[in-house]
Amino acid sequence: MIQTFADMLVYDLFGLDSNSALGYVINFFIYDTIKILALLFVISMIMGTVNAYFPIERLRSYLISHRLHGLQYFMASLFGAVTPFCSCSSIPLFIGFVKGGIPLGVTLSFLITSPLVNEVAVAMFLGSFGMKVTIIYVTSGIVLGCIGGILLGRMHLEAYLSNWVKHMQTQSKEQPVQWDNSTTPFLKRMPEIVITSWQTVRSVLPYVIAGIGIGAFMHGFVPERFFELYMSRDQWYAVPLSVILAVPMYANAAGIVPVIEVFVSKGIPLGTAIAFMMAVVGLSLPEATLLKKVMTWRLIAIFFATVTLFIIISGYTFNVLF
């Protein structure tokens, strides 16, 4: 539906050529802006409903329990793997976790894994590359989230959260959520949930537009064979170069898997192609611009550098195994 609307708006109303770079860029920008904002609103609504009915303090107590002996990172990473969210639509969940007092390292485990692994991508991987590659891909995504979360958590980076998040955390501590055990109808809660969700979307709107605009430009004006040309060379720097080239792009895992299949069919090593995919979905500029609302640039840089390092290691590992 969104794609049909974008096509009608750009190609019929604006009269742009569907085969032109400009037409493609504007179409991509309109489609992705509407899609991401709709996803952000829906996810914010879901989180608002969860916050209204679900005792997140219990989840917080469970995740910070010493009895788990580090398993909270695995649980957060596993939760990220089973949720069908891209990097941008994971942000409202991340905000909810941090606001609820869940340790930053645990929430980052979720944020790392969530865009990398989802059920649609797994199904497409099975069809394209078989069971063995799929299992290693899923395992590497979860392990990446666990190790990344543990490492970042031990760096004690809470001071580099944005003032907006710190303010929310302070309010949450000063005014603890009183969980309503009454039978308040959902429809009576709905107006407040909708208003809060819209406020969340509005607060990140400029970052969404800026990030998608950059990604749309790269999609439309970078030559088609540019990535294939440099990623297919049998050089030691092919994997890190593929990660760097992927950062300006934006797509979810399901959308990029067919591209990866084409790359591999043209002789690009599997590990290099998968590193490119992980960087596209896990290190995108739209994600960075969205994260600016909840993190300082220093924390974003540390987060991206850590994820980049582990993606590169994963790429080399895949190339050795396959």
Side-chain angles (χ1 to χ4, degrees), residues 36 40 73 76-77 80 85-99 102-116 140-141 143-169 203-215 217-218 237 239-253 256 274-316:
I36 291 176
L40 282 171
Y73 294 96
S77 187
F85 304 138
C86 66
S87 57
C88 292
S89 53
S90 299
I91 304 301
L93 282 169
F94 173 82
I95 294 172
F97 290 161
V98 174
K99 182 180 177 181
I102 295 174
L104 181 60
V106 177
T107 63
L108 289 174
S109 287
F110 162 79
L111 190 62
I112 292 170
T113 303
S114 182
L116 298 182
S140 64
V143 170
L144 180 67
C146 290
I147 298 177
I150 292 171
L151 178 61
L152 292 168
R154 292 187 176 182
M155 295 173 69
H156 304 292
L157 301 170
E158 288 78 7
Y160 300 123
L161 289 170
S162 70
N163 291 330
W164 180 60
V165 173
K166 291 178 182 177
H167 179 66
M168 288 196 306
Q169 290 177 322
S203 67
V204 300
L205 181 60
Y207 304 105
V208 172
I209 293 176
I212 296 175
I214 295 171
F217 178 84
M218 295 297 298
Y237 54 79
V239 173
L241 180 61
S242 71
V243 173
I244 293 171
L245 294 177
V247 172
M249 307 291 289
Y250 172 72
N252 58 30
I256 201 67
I274 290 180
F276 176 83
M277 184 200 76
M278 286 184 167
V280 167
V281 302
L283 296 171
S284 66
L285 284 181
E287 180 187 14
T289 52
L290 279 172
L291 284 175
K292 182 61 182 70
K293 186 63 182 180
V294 296
M295 300 179 181
T296 62
W297 283 118
R298 179 174 295 183
L299 180 52
I300 292 174
I302 294 172
F303 173 72
F304 266 49
T306 302
V307 177
T308 297
L309 174 62
F310 283 111
I311 287 177
I312 291 173
I313 293 173
S314 296
Y316 283 125

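If you're wondering where the values come from, they're calculated on a predicted model, not measured in any experiment.
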Between [atom1] of [X] and [atom2] of [Y], what distance do you get to the nearest 0.5 Å?
X: W297; Y: L291; atom1: CH2; atom2: CG; result: 9.0 Å
X: I311; Y: F304; atom1: CD1; atom2: CZ; result: 9.0 Å
X: I313; Y: S140; atom1: CD1; atom2: OG; result: 12.0 Å
X: L108; Y: S114; atom1: CG; atom2: OG; result: 12.5 Å
X: S109; Y: I150; atom1: OG; atom2: CD1; result: 6.5 Å
X: I274; Y: S314; atom1: CD1; atom2: OG; result: 9.0 Å

Practice task
Determine whether T296 and I300 make a side-chain contact, defined as any pair of heavy atoms from C-beta on separated by less than 4.5 Å.
Solution key: no

Problem - pair F303-I112: side-chain heavy atoms closer than 4.5 Å - result: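 F303 vs I112: side chains touch.
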
Practice task
Of all the heavy-atom pairs spanning A76 and V106, show the shortest one and how long it is.
Solution key: CB-O, 3.3 Å

Exercise for the section: Mind listing the closest non-hydrogen atom pair of V280 and A246 along with its distance? Expected result: CG2-CB, 3.5 Å

Handout entry: Test side-chain contact (heavy atoms from CB on, under 4.5 Å) applied to L157 - qualifying residues, sequence neighbours left out
Key =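 Listed in chain order: L104, L152, M155, Y160, L299, I302.
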
Handout entry: Non-neighbouring partners of T308 that pass side-chain contact (heavy atoms from CB on, under 4.5 Å), sequence neighbours left out
Key = V243, L283, I312

Determine whether a donor-acceptor pair (N or O, by modelled atom type, separation under 3.5 Å) exists between the side chain of [X] and the backbone of [Y].
X: S77; Y: Y73; answer: no
X: S242; Y: V239; answer: yes
X: T113; Y: G141; answer: yes

